[in-house]
Amino acid sequence: MRDVAELLATVPTGLWIGGEQSPGVDTFAVHDPATGAVLAEVADATAADGARALDAAVAAQAGWAAAPARDRSEILRRAWELILERRDDFALLMTLEMGKPLAESQGEVTYGAEFLRWFAEEAVRVNGRYTHSPSGNGRILVTKGPVGPALAITPWNFPLAMGTRKIAPAFAAGCTMVVKPAAETPLTMLALGQVFADAGLPPGVLSILPTSHAARLTDPMFADHRLRKVTFTGSTAVGRILLAQSANRVLRTSMELGGNAPFVVFADADLDAAIAGAMAAKMRNNGEACTAANRFHVDNAVRTAFTARLTERMRSLRIGPGHLDDVQVGPLITAEQRDSVADLVRDAVAKGARVTTGGGYAPGPGWFYEPTVLDNVPADARILREEIFGPVAAIAGFDGEEAGIAAANDTEFGLAAYIYTADLGRALRVAEALETGMVGVNRGIISDVAAPFGGVKESGLGREAGTEGIEEYLETKYIALP
Ligand code: ADP
């Protein structure tokens with residue numbers, strides 16, 4: 001394995017502004033959640049740094065938009081290659097600052113890099129249309145162009161992919177971008193800045209500003225008339241604040257917000273497949289994913305068997321620092337996150353849920369929580385309403401298809417849902433009835449670079465990836481012709 005100290009010594013820790021590293025006036029510490037130890041001190045961006053980055057983005061915008069799509073595409077493709085060349089460094093860095101097992105970080109390198117390749121391919125396929133007015137007295141030309149300078153605010157759970165899923169379509173469309181990564185995991189994004197510098201990205205097109213004071217940095221940017229777009233992945237609570245700020249200046253917004261994904265197992269489901277899917281949907285990324293199965297609604301005809309088998313699988317998982325061989329569950333991101341998972345479990349148990357495995361902190365020094373299964377979780381338990389973001393499976397029973405659909409839809413969120421059934425008719429009926437942006441049918445992992453990712457209801461606005469993703473960064477212009 002790559003030597004940790006050696007890797008950390010090579011990671012950029014300054015701000016990326018105008019294509020260069022800049023030290024910033026202050027620094028803040030990045031911690032390893034497996035030990036609590038300080039990994040690095042990184043530059044702490046201020047409002048003045050935000051203004052400089054926006055100046056650079058605005059200065060670069062016209063040239064970047066006018067650059068041949070093929071040139072933008074080639075830079076994205078080169079960046080994809082460079083990430084893959086540096087795959088082991090990126091994987092270890094993510095495990096160190098975020099905590100997920102190394103195998104999962106390797107998976108994120110592939111997935112996160114793939115957005116660069118996908119949008120390198122999309123960059124050269126932005127089309128308009130040409131048509132005639134129905135009245136016969138005019139022609140209609142419709143063109144697409146970049147929205148303009150964009151601000152991306154990203155979370156800590158997928159330090160690479162949540163950045164590339166925004167940066168790649170923005171660059172493909174011809175937008176410049178200022179990225180504010182999560183304070184918990186800035187190192188991966190700073191390493192990505194090096195990739196783009198090495199790939200020949202023109203100065204100013206990308207700035208990366210870690211900060212310990214998010215609002216201090218971004219509030220003035222929201223007030224600056226030169227910013228045209230905000231793209232955010234994070235909690236619904238913060239999304240609401242950013243939407244309100246965006247309203248002042250009528251910014252284009254893309255919001256990937258919280259989830260509360262139901263995992264619905266019908267009586268006719270293949271239980272082997274359902275258990276495998278449940279483990280993937282629940283435990284991927286330590287359970288810290290907005291698409292994570294948050295609540296298991298299981299037909300009472302199969303609930304006892306499902307619960308017993310899931311319990312057995314969850315109990316067998318190995319917990320530990322993510323960089324160690326064979327570890328399947330790493331630490332949670334912070335002590336606060338671990339405590340909030342514990343609170344949800346306590347509330348459910350107080351209301352009558354039964355713990356079949358886990359249910360407590362795992363030995364530290366880091367922020368570990370045991371893989372946990374709760375059965376018989378009552379409808380009023382907070383764990384069925386709130387995003388868990390941890391390795392806890394909450395199981396509730398239902399009787400029959402309609403009750404399963406009703407339980408799944410009983411939430412203000414609408415990001416992902418998973419259903420398990422052997423009946424194609426039922427799969428289609430239920431998938432259509434679910435109020436979510438994404439539905440996995442007999443699949444526990446649904447994210448795909450070629451598919452539109454996003455939610456309905458309070459889970460967000462807009463779509464990332466797929467052929468839809470680039471639209472978020474394009475404006476439509478109508479040119480009327482005689
Ligand atoms: P999480 O619960 O995953 O940490 P948050 O919604 O709190 O999600 O944070 C997601 C991102 O939003 C992070 O980069 C965080 O720094 C940023 N953020 C939080 N509050 C604000 C704010 N008021 N203005 C701008 N960015 C914010």
Side-chain angles (χ1 to χ4, degrees), residues 15 28-31 33 42-47 49-50 53-54 94 97-100 150-167 177-190 192 207-224 227 229-249 251 253-261 285-292 294 331-341 343-344 367 386-390 413 415 455 458-461 464:
L15 311 171
F28 67 96
V30 181
H31 295 94
V42 303
D44 196 352
T46 62
D49 296 316
L54 197 50
M94 284 194 274
E97 65 177 351
M98 185 276 169
K100 72 180 85 181
L151 169 65
I153 301 176
T154 60
W156 48 261
N157 59 344
F158 292 96
L160 179 66
M162 295 303 98
T164 53
R165 203 161 70 179
K166 300 177 186 311
I167 293 167
M177 185 168 257
V178 178
V179 180
K180 191 214 82 62
E184 293 83 355
T185 58
L187 298 173
T188 304
M189 195 68 76
L190 291 170
L192 184 65
S207 291
I208 300 173
L209 305 180
T211 181
S212 62
H213 292 87
R216 181 186 70 181
L217 170 71
T218 61
D219 283 0
M221 296 179 78
F222 277 90
D224 191 314
L227 185 72
K229 160 94 193 174
V230 171
T231 171
F232 171 71
T233 298
S235 63
T236 296
V238 172
R240 265 191 258 278
I241 296 171
L242 303 184
L243 277 169
Q245 287 181 303
S246 302
N248 291 332
R249 303 215 19 273
L251 294 180
T253 57
S254 303
M255 295 278 146
E256 299 291 349
L257 308 179
N260 180 11
N285 221 44
N286 297 335
E288 295 171 310
C290 50
T291 51
N294 210 55
L332 297 181
I333 188 73
T334 54
E336 295 73 39
Q337 182 57 33
R338 182 197 55 177
D339 294 347
S340 106
V341 171
D343 271 354
L344 291 175
W367 323 124
E386 299 174 27
E387 205 168 28
I388 304 169
F389 252 58
F413 294 106
L415 189 60
E458 293 185 24
S459 286
L461 299 169
E464 293 191 315

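Bear in mind that the values here come from a model prediction, so they are computed numbers and not experimental data. Each ligand, and each atom within it, is numbered from 1 in the order the structure gives. Position 1 is the first residue of the sequence; numbering continues from there.
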Pairing of Glu458 and Arg240 as salt bridge, 4.0 angstrom limit: yes
Ring centroids only, cut at 6.0 angstrom: are Trp156 and Phe389 within range, meaning strictly under it? yes
Non-neighbouring partners of Phe232 that pass ring pair (Phe, Tyr, Trp, His ring centres under 6.0 Å), sequence neighbours left out: none
Using distance alone, with no hydrogens and no angle criterion, decide if Glu97 and Thr188 have a side-chain donor and acceptor under 3.5 Å apart. yes
For Gln337, what residues pass the side-chain hydrogen bond (donor to acceptor under 3.5 Å, both in side chains) criterion, not counting sequence neighbours? none
Can you list everything that forms a side-chain hydrogen bond (donor to acceptor under 3.5 Å, both in side chains) with Lys180? Sequence neighbours excluded, please. none
For ligand 1, list every N/O pair with the protein closer than 3.5 Å, one pair per line with the distance.
{"from": "ligand 1", "atom 1": "3 (O)", "to": "Trp156", "atom 2": "NE1", "distance (Å)": "3.4"}
{"from": "ligand 1", "atom 1": "4 (O)", "to": "Trp156", "atom 2": "NE1", "distance (Å)": "3.0"}
{"from": "ligand 1", "atom 1": "6 (O)", "to": "Ser235", "atom 2": "N", "distance (Å)": "2.8"}
{"from": "ligand 1", "atom 1": "6 (O)", "to": "Ser235", "atom 2": "OG", "distance (Å)": "2.6"}
{"from": "ligand 1", "atom 1": "14 (O)", "to": "Thr154", "atom 2": "O", "distance (Å)": "2.7"}
{"from": "ligand 1", "atom 1": "14 (O)", "to": "Lys180", "atom 2": "NZ", "distance (Å)": "3.0"}
{"from": "ligand 1", "atom 1": "16 (O)", "to": "Lys180", "atom 2": "NZ", "distance (Å)": "3.0"}

